[in-house]
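Single-structure report; data block below.
The sequence lines fix the lettering, A, B, ..., with proteins before strands; numbering per chain opens at 1.
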Amino acid sequence: MSLAELLGGDVVDVAPRLLGLRLEANGAAGRVVEVEAYGGDDDPASHAVGGPRVRNRSMFGAAGTLYVYRSYGIHWCANVVTGRIGEGQAVLIRALEPLEGLERMRSRRPAARRAEELCDGPGKLCAALAIDGTADGSSVIDGSGPVRLLDDGTSPPAAVCVGRRVGIRRAAERPWRWAVPDSPFVSRPRLSGP
DNA sequence: CGTTTGATGCTCT
DNA sequence: GAGCATCAAACGG
């Protein structure tokens, strides 16, 4: 199954299957170890609530579109759109295991003291990979944009941890956060168990 | 270790 | 004017 086909599915099914994929941007790369689903099943926590607007319009684009938004006025967060055009679904990439361009990441993230801290959060990984609002709306699957999502042949994680999404108030009980078990590169609070 | 708090910009009320 | 899909520095134990 191609990546484009996979991303066309429902966000809650797709999100955990993005674990293990490779994300590249601006001379650095990492393995996806933590994700969250937004916009599935009338999700009240999603930015897609209320339909397309100026900020969230790329969330309603085709599967594989990148949705980048500013968080708390300071950070950037990156999502990969799933489902059908107009549905408003996306997977928030929350953490990466750094693979390449470690020195570049370190210079972009001076506060990180250890490799485990370079990409262990949605704002942190965007800083480490230099992903900002200029990448919003580009494709991560057709090679035309600065950010690329690839299956590099690494076998997917044998198991996956599930838990509640981070930092939201509405629909906080939905178990729509997934992570690679025991990965030291996952953000806090850590997930454990199935 | 843990918890708390200020920064900062944009959208919506 | 409130509320964020966050982060890091500044504390206290």
Side-chain angles (χ1 to χ4, degrees), chain A residues 7 10-16 18-19 23 25 28 30 32-61 63 65-83 87-98 105-137 140 147 149 161-179 184-192:
Chain A
L7 292 174
D10 188 85
V11 67
V12 177
D13 300 321
V14 174
L18 300 189
L19 296 175
L23 192 72
V32 179
V33 295
E34 182 187 350
V35 296
E36 284 178 358
Y38 283 93
D41 192 28
D42 291 316
D43 180 11
S46 168
H47 290 173
V49 167
R53 303 180 163 213
V54 176
R55 171 173 85 150
N56 65 6
R57 57 179 228 97
S58 54
M59 209 176 158
F60 292 84
T65 300
L66 192 66
Y67 166 49
V68 182
Y69 69 92
R70 206 190 268 284
S71 175
Y72 290 89
I74 305 169
H75 313 287
W76 297 101
C77 292
N79 303 250
V80 176
V81 174
T82 70
E87 261 188 310
Q89 301 186 341
V91 178
L92 172 66
I93 310 298
R94 285 198 58 88
L96 301 176
E97 173 184 345
M105 292 186 188
R106 279 188 239 274
S107 67
R108 292 163 177 164
R109 295 241 332 107
R113 318 187 105 239
R114 304 175 294 127
E116 288 82 359
E117 299 169 356
L118 285 171
C119 300
D120 63 339
K124 298 177 186 178
L125 72 90
C126 280
L129 299 198
I131 297 171
D132 62 17
T134 63
D136 180 53
V140 298
V147 183
L149 186 64
C161 289
V162 189
R164 295 177 172 191
R165 295 179 289 182
V166 176
I168 58 168
R169 296 181 54 96
R170 292 175 304 225
E173 75 289 351
R174 296 191 187 189
W176 284 1
R177 178 187 181 209
W178 296 270
F185 303 98
V186 169
S187 73
R188 315 225 170 180
R190 289 276 171 74
L191 289 177
S192 59

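A salt bridge between A/E36 and A/R165 is absent, with no side-chain N of the basic residue lying under 4.0 Å from a carboxylate O of the acidic one.
Phosphate proximity of C/dC4 to A/R169: present, with a side-chain N or O under 4.0 Å from OP1 or OP2. Using a 4.0 Å cut-off, some side-chain N or O of A/H47 falls inside it from OP1 or OP2 of C/dA5. Regarding contacts with the backbone of B/dG9, every side-chain N or O of A/R55 stays at 4.0 angstrom or more from both OP1 and OP2.
As a whole-Å value, the separation of A/D132 CG from B/dG9 C1' is 15 Å. At whole-Å resolution of the value, CG in A/N56 and P in C/dA5 are 12 Å apart. C/dC7 atom C1' lies 12 Å from atom CZ of A/R94, rounded to whole Å. If you take CH2 of A/W76 and C1' of B/dA7, they are 16 Å apart, rounded to a whole angstrom. The separation between A/Y67 atom OH and B/dT11 atom P is 10 Å, rounded to whole Å. Distance CD1 (A/I168) to C1' (C/dG3): 14 Å, rounded to an integer number of Å. In this structure, A/R165 places its CZ atom 10 Å from P of C/dA5, rounding to the nearest Å. What separates CG of A/L92 from C1' of C/dC4 is a distance of 14 Å, to the nearest Å.
Picking from C/dA9, B/dG9, C/dA5 the nucleotide with the shortest atom distance to the side chain of A/A111 gives C/dA9. Relative to the side chain of A/R53, the nucleotides C/dT6, B/dA7, B/dT11 differ in distance, and B/dT11 lies closest. When the nucleotides B/dA7, B/dG2, C/dC4 are ranked by their closest atom to the side chain of A/R188, B/dG2 comes out on top.
Counting non-hydrogen atoms under 4.0 angstrom, A/R109 reaches the backbone sugars and phosphates but no base. Among the atoms of the strands shown, base atoms are found under 4.0 Å from some heavy atom of A/A45.
Within the 3.5 Å criterion, the main-chain N or O of A/V68 finds a donor-acceptor partner in the side chain of A/D136. For A/N56 (side chain) and A/H47 (main-chain N/O), a donor-acceptor pair under 3.5 Å exists by modelled atom type. The backbone N or O of A/P184 sits less than 3.5 Å from a side-chain atom of A/R190, completing a donor-acceptor pair. Judged by distance alone, the side chain of A/R109 and the main-chain N or O of A/E117 form a donor-acceptor pair under 3.5 Å.
The base of B/dA7 lies outside donor-acceptor range of the side chain of A/Y72, with no N or O pair under 3.5 Å.
At least one cation-pi condition fails for A/R164 and A/W176: the charged atom is not both under 6.0 angstrom from the six-membered ring centre and inside a 45 degree cone around its axis.
Annotation: side chain of A/L7 is in contact with side chain of A/L18 (closest heavy-atom distance under 4.5 Å).
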For DNA chain C, the expected dot-bracket line (Watson-Crick or G-U under 3.5 Å, [ ] crossing, | inter-strand) is ||||.|||||||.

